[in-house]
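Here's the structure we're looking at; comments come further down.
Given the structure is predicted, the values throughout are model-derived calculations rather than measurements. By convention in this document, chain letters (A, B, ...) are assigned in the order of the sequence lines, proteins followed by strands, and residues within each chain are numbered from 1.
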There are 2 protein chains.
Amino acid sequence: MFKVNKLTDYATVLLIEIARRKVVQSSQHIAEQTGIPSPTVAKIMKSLNRAGLVASRRGASGGYSLERAAELITLADVIQAVEGPIALTACADTSDEHCNIESICPVQGKWNRANTAVRAALTQVTLADMVADMTMFGVPQHVAQTTAAE
Amino acid sequence: MFKVNKLTDYATVLLIEIARRKVVQSSQHIAEQTGIPSPTVAKIMKSLNRAGLVASRRGASGGYSLERAAELITLADVIQAVEGPIALTACADTSDEHCNIESICPVQGKWNRANTAVRAALTQVTLADMVADMTMFGVPQHVAQTTAAE
DNA sequence: AAATACAGGACTAATTCAGTCCTATTTACC
DNA sequence: GGTAAATAGGACTGAATTAGTCCTGTATTT
């Protein structure tokens with residue numbers, strides 16, 4: 001199956017959680033809210049921070065918040081933050097990886113068109129869209145509960 | 001990096017080879033032409049045949065040929081043939097896989113929009129496009145040689 | 001000063017993927 | 001009719017990637 005990493009899927013869940021509440025949340029807290037193991041959350045949040053998708057505050061009562069509006073964070077951003085560049089084949093990307101079938105694949109533009117098309121598609125979908133889709137398909141019980149509980 | 005399987009990349013190479021010559025070729029022959037190991041070629045060709053992208057003829061002087069014109073074979077077809085359904089996340093696909101974070105991800109349409117967009121993007125790129133892109137970026141030495149030799 | 005929380009990176013376990021091989025079936029040709 | 005050539009299907013193994021954990025250091029609040 002053609003799919004994104006598990007971690008990328010998690011990342012969207014985390015970002016949606018952060019987008020819903022507007023306050024700074026510790027990675028520990030986010031883990032509890034989402035049910036994703038805390039070390040894993042920490043790892044992902046670091047990537048998202050490095051990529052500039054979330055702002056971090058250290059120290060007591062620190063944590064993470066969105067760096068910019070959910071409308072301005074695209075799925076392409078998230079995937080790139082967690083997995084690196086969106087390049088459907090290895091040779092299209094960094095030229096330090098050498099294609100072992102060079103005789104027929106001398107870094108030609110074979111896949112360029114596809115890369116561009118997929119990147120464009122993923123740039124069209126924003127975090128805000130995903131939040132909207134979620135509630136459309138039925139508000140998740142768990143989040144609804146915990147949100148109400150506060 | 002967000003990318004397709006190596007086998008899918010191979011598959012495009014194989015299909016391009018088949019598209020260039022119009023005759024029926026054995027999987028063995030295709031392997032020699034492309035430099036991809038013959039058992040691997042055989043495996044991929046079986047998938048492509050099952051998916052209806054290539055026609056097969058058994059027995060002596062048998063082999064494979066395109067089932068339809070290169071313009072009508074899309075990258076989405078190839079990916080689906082080799083990797084299965086294009087579903088960016090596991091839970092969006094067959095419902096027999098159970099998401100282990102169900103509390104926050106009860107098979108919601110979170111990723112639907114993205115799946116649709118990516119599928120559309122990959123449907124726009126055809127095998128004919130890839131053949132064209134290849135020659136545009138410089139005719140591969142090897143294929144040029146062997147083609148001339150016959 | 002002490003507690004809290006992020007930053008970076010090393011390491012291990014689990015999963016997936018790539019590649020090979022074996023047996024059965026079909027077809028061409030002598 | 002027999003033999004060789006080729007695909008069909010599937011099982012199996014080794015390699016590579018991914019997911020997950022943990023440790024040490026640094027910044028910040030109270």
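- Taking the nucleotide of DNA chain C with the nearest heavy atom to each of A:Ser56 and A:Lys3, the more 5' of the two is matched to A:Ser56.
- When each of B:Ser38 and A:Met45 is assigned the nucleotide of DNA chain C with its nearest heavy atom, A:Met45 is the one assigned upstream, toward the 5' end.
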Under 4.0 Å protein heavy-atom contact, by nucleotide of nucleotides 10-16 of chain D - B base, S sugar-phosphate only: B------
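- Phosphate proximity of C:dA7 to A:Asn49: present, with a side-chain N or O under 4.0 Å from OP1 or OP2.
- The structure places CD of B:Glu67 at 12.0 Å from CG of B:Leu48, a figure rounded to the nearest 0.5 Å.
- Taking the side chain as every heavy atom from C-beta outward, B:Val118 and A:Phe2 approach each other to under 4.5 Å.
- Nearest heavy atom pair, residue A:Ile73 against residue A:Leu66, reads CD1-CD2, 4.1 Å.
- Put simply, CD1 on B:Ile30 and CD1 on B:Ile36 are 10.0 Å apart, with the number rounded to the nearest 0.5 Å.
- Considering only side-chain atoms of A:Arg57, the nucleotide from C:dC6, D:dT29, C:dT20 that sits closest is D:dT29.
- Side chain of B:Pro37, nearest nucleotide from C:dT20, D:dT30, D:dT26: C:dT20.
- OP1 or OP2 of D:dT21 has at least one side-chain nitrogen or oxygen of A:Thr40 nearer than 4.0 Å.
- The backbone N or O of A:Ala87 lies less than 3.5 Å from no partner atom in the side chain of A:Asn115, so there is not a single donor-acceptor pair.
- Distances shorter than 4.0 Å separate some side-chain N or O of A:Tyr10 from OP1 or OP2 on D:dG20.
- When distances are taken from the side chain of B:Leu7 to each of D:dA19, C:dA18, D:dT29, the shortest belongs to C:dA18.
- Annotation: of the two residues near DNA chain D, A:Val4 and A:Gly59, the 5′-most nearest-nucleotide partner is A:Val4.
- Without hydrogens or angle criteria, B:Glu17 side chain to B:Gln33 main chain gives no donor-acceptor distance under 3.5 Å.
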